[in-house]
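Both ligands and their constituent atoms are indexed starting at 1 by order of listing. One-based numbering along the sequence shown. Please read all numbers here as calculations on a predicted model, not as lab measurements.
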Amino acid sequence: MPRPKILLTRRWPSAVETVLSERFDATFNLEDLPMSTDAIADALRAYDAVLPTVSDKLPASVFAGGAIRTRILGNFGVGYNHIDIAAAKAQGIAVTNTPGVLTDCTADIAMLLLLSVARRGGEGERQIRAGEWKGWCPTHMIGTKVSGKTVGIIGFGRIGKAFAQRCHFGFGMDVVFYNRSTVDPAEAARYGARQLSTVEDVLTAADFVSLHCPGGAENRHLMNTARFSAMKPGAYLINTARGDVVDEAALIAALERGVIRGAGLDVYEAEPHVPDRLRALENVVLLPHLGSATEETRNAMGMKVVDNITDFFDGREPPDRVA
Ligand code: DGY
């Protein structure tokens, strides 16, 4: 039996590429350049499995037109809003993701952003690197205290819970959250958190609002002009979820006008494009989508894909099938 032909759209951790090349007839993206939508559409006609990442785009158009050979998309990432799942399903293509293994590191990055923006870590670093620090004085670069404040979490899945745990047990914060479905209060209490009924309830209570819901149509622009206005004066927004959850133009306006005090962002609406007006603001901390970027987590994500496609081609149900 010939080994399944698979294509990786980007370079992956070398340990994972080694395992994939032992098990499959694997093609690697040696130059590590992003693939165009047309190139991905061609790959769907040439490979048994295509292994995309969260920065690839697989709209309905890549699945249209027939002659598709691909039977599984083994996505490197937990989010899959970059794949038109209905269109993939209509072609009988299975889709898998990589949940669980990036929970801690993404929650850690959310904490890093919250602390950095509240305590002006980015600004301080820039000041020292520019040789502009004039020394300690009582009024220098005054930020906002974090310990004991209220954090509001939108989306209480794995990462939302891990973030709540850090905030409550690490920083003595009061944690409230909004979640589409009801969470057992005893379960919420394990993370030091309590559920509120609406997004607005969370926004009006929180000194820091952190987004942990999926991207895609259902949450597109969940944070918009009206919701920024509903936030407490002086509050901060943290986004490690997906760029499209926030109306970026409305966020920039809210930051420029002082409607909210600051933002810590790891994700953007049109990555890797970050608007000039956002980059010009001092009251934002901007990271380049680093949530899962640790050696341990990226290896674990890759090995999840290995497990998913191995099970699939061996005739078993892949553990992380989402379609
Ligand atoms: C994911 O897996 O969805 C993350 O955004 C990657 O860091």
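Residue-ligand proximity, Gly79 to ligand 1, at heavy-atom distances under 4.0 Å covers atoms 1 (C), 2 (O), 3 (O). Near Ser292, with a cut-off below 4.0 Å to any heavy atom, the atoms of ligand 1 are 6 (C), 7 (O).
The residue among Met301, His82, His289, Arg298 with a heavy atom at the shortest distance from atom 5 (O) of ligand 1 is His289.
A donor and an acceptor atom, one from each side chain of Arg180 and Asn219, are located under 3.5 Å apart.
The one candidate from Asp174, Asp201, Asp184 that meets the salt bridge (charged side-chain N to carboxylate O under 4.0 Å, His left out) condition with Arg194 is Asp174. Tested against Asp48 for a salt bridge (charged side-chain N to carboxylate O under 4.0 Å, His left out), the candidates Lys5, Arg69, Arg71, Arg3 yield a single pass: Arg69.
In this structure, the protein non-hydrogen atom closest to atom 3 (O) of ligand 1 is Arg242 NH2, 2.6 Å. Looking from atom 2 (O) of ligand 1 to the surrounding protein, the closest heavy atom is Val78 N, 2.7 Å.
Residue-to-ligand polar distances keep Thr98 apart from ligand 1: every N/O pair is separated by 3.5 Å or more. Residue Leu102 places no N or O, backbone or side chain, under 3.5 Å from any N or O of ligand 1.
Arg257 places no side-chain N or O within donor-acceptor distance of the main-chain N or O of Ile252, the cut-off being under 3.5 Å.
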With a cut-off of 3.5 Å and sequence neighbours excluded, list every side-chain donor-acceptor pair involving residues 141-160.
from: Thr144; atom 1: OG1; to: Tyr236; atom 2: OH; distance (Å): 2.7
from: Thr144; atom 1: OG1; to: Arg261; atom 2: NH1; distance (Å): 3.0
from: Lys149; atom 1: NZ; to: Lys145; atom 2: O; distance (Å): 2.8

List the atom pairs, donor and acceptor, that lie under 3.5 Å between side-chain atoms in residues 314-323 and the rest of the protein, sequence neighbours left out.
from: Asp314; atom 1: OD2; to: Arg316; atom 2: NH2; distance (Å): 3.3
from: Arg316; atom 1: NE; to: Asp311; atom 2: OD1; distance (Å): 3.1
from: Arg316; atom 1: NH2; to: Asp311; atom 2: OD1; distance (Å): 2.8
from: Asp320; atom 1: OD1; to: Lys304; atom 2: NZ; distance (Å): 3.3
from: Asp320; atom 1: OD2; to: Lys304; atom 2: NZ; distance (Å): 3.2
from: Asp320; atom 1: OD2; to: Asn308; atom 2: ND2; distance (Å): 3.1
from: Arg321; atom 1: NE; to: Ala323; atom 2: O; distance (Å): 2.8

